Structures are given as C-alpha cells and as structure tokens.
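All values derive from a computational prediction rather than experimental measurement.
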Amino acid sequence: MKFEIYGLSKETIDQDKWGEKQGIFLGTYDGVQFSSNEYELEQLEEFDYIHIFINGQLKSHYPKRFNQNIREKLKRDFTREFGENIQISLL
C-alpha cells in the first residue's frame with residue numbers, strides 16, 4: 001500500500017477533472033520512505049497543491065500553505081489511513 005503523489009500549480013489545476021490524476025507525478029510514499037526518480041521530499045513543498053491518491057482515488061488535497069514539514073504530514077496521513085500495524089508489517 002502506497003500513496004501516489006502528484007504536484008499541481010495554480011495554472012494547471014482543472015476543477016472539472018477533480019479527483020482525477022492531474023499534474024506531475026512526484027513519487028510514492030510507503031509509510032516509511034518517499035521514492036522518486038526526479039524529486040526529493042523537500043521539493044514537494046514548492047508545489048501549489050499536492051494530491052495524494054490511494055488505489056486510484058483522491059484521498060488528500062494539500063494547498064501550499066499546509067505543505068510545511070511534508071514528511072510528518074505524509075507519515076501522519078499514512079498512519080491515519082492504514083494504521084500502525086500495517087505500517088510495521090511493511091518493514
């Protein structure tokens with residue numbers, strides 16, 4: 001189980017496609033580690049919006065003003081979504 005993370009700018013967000021994967025694919029987060037071929041976790045804080053998908057469904061929308069300390073935010077949301085036991089079993 002992983003988060004799929006997409007980054008959007010104010011110019012590229014399309015309200016008509018809300019809930020669909022739009023923007024730039026930034027990487028995945030498995031509850032422990034952020035994985036990406038192009039981005040570091042701290043770079044996610046620079047996007048105007050971050051969308052988190054689980055199994056193809058939009059689960060979270062983070063505006064830039066809430067993107068500080070993105071590592072803790074992802075960890076907290078992952079735990080809220082999947083629980084502590086699932087996280088430990090992934091290791």
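- T12 places no side-chain N or O within donor-acceptor distance of the main-chain N or O of G23, the cut-off being under 3.5 Å.
- None of T28, L41, I5, D30 except one satisfies the side chain to side chain contact (heavy atoms under 4.5 Å, CB included) rule with S35; the exception is T28.
- In this structure, OG in S60 is found 10.5 Å from CD1 in I50, a value given to the nearest 0.5 Å.
- Side-chain N or O atoms of Q68 include none that pairs as donor or acceptor with a backbone N or O of E45 at under 3.5 Å.
- Taking the six-membered ring where the residue is Trp, Y49 and H61 present parallel rings, their angle staying beneath 30° rather than reaching 60°.
- Taking all atoms of both residues into account, the shortest heavy-atom contact from F3 to I52 is CG-CG2, 3.4 Å.
- Heavy-atom neighbours of K73 NZ from other residues, nucleotides or ligands within 6.0 Å: above the threshold of 12.
- Counting heavy atoms from C-beta on, the side chains of E4 and H51 never come closer than 4.5 Å.
- Ring geometry for F78 versus Y29: interplanar angle over 60°, hence perpendicular rather than tilted (30 to 60°).
- Distance check, rounded to the nearest 0.5 Å: NZ of K2 to CD of Q33 gives 9.0 Å.
- Counting heavy atoms from C-beta outward, Y62 and L44 have side chains that stay 4.5 Å or more apart.
- Using bins of under 30°, 30° to 60° and over 60° for the plane-to-plane angle, the ring pair Y6/F53 lands in the perpendicular bin.
- Counted within 6.0 Å of CZ on R71, heavy atoms from surrounding residues, nucleotides or ligands total 12 or fewer; the atom is thus considered open.
- Residues I70 and F34 form no side-chain contact, since every pair of their non-hydrogen atoms from C-beta on lies 4.5 Å or further apart.
- Considering NZ of K10 and NZ of K64, their distance stands at 8.0 Å, rounded to 0.5 Å.
- Minimum heavy-atom separation, E38 to Q43: O-OE1, 3.9 Å.
- Heavy atoms only, all atoms of each residue included: S36 and G27 are closest at CB-CA, 4.1 Å.
- Atom CG in N69 sits 9.5 Å away from atom CD in E42 (nearest 0.5 Å).
- Interatomic distance, CG of L26 versus CG of N37, reported as 12.0 Å (0.5 Å rounding).
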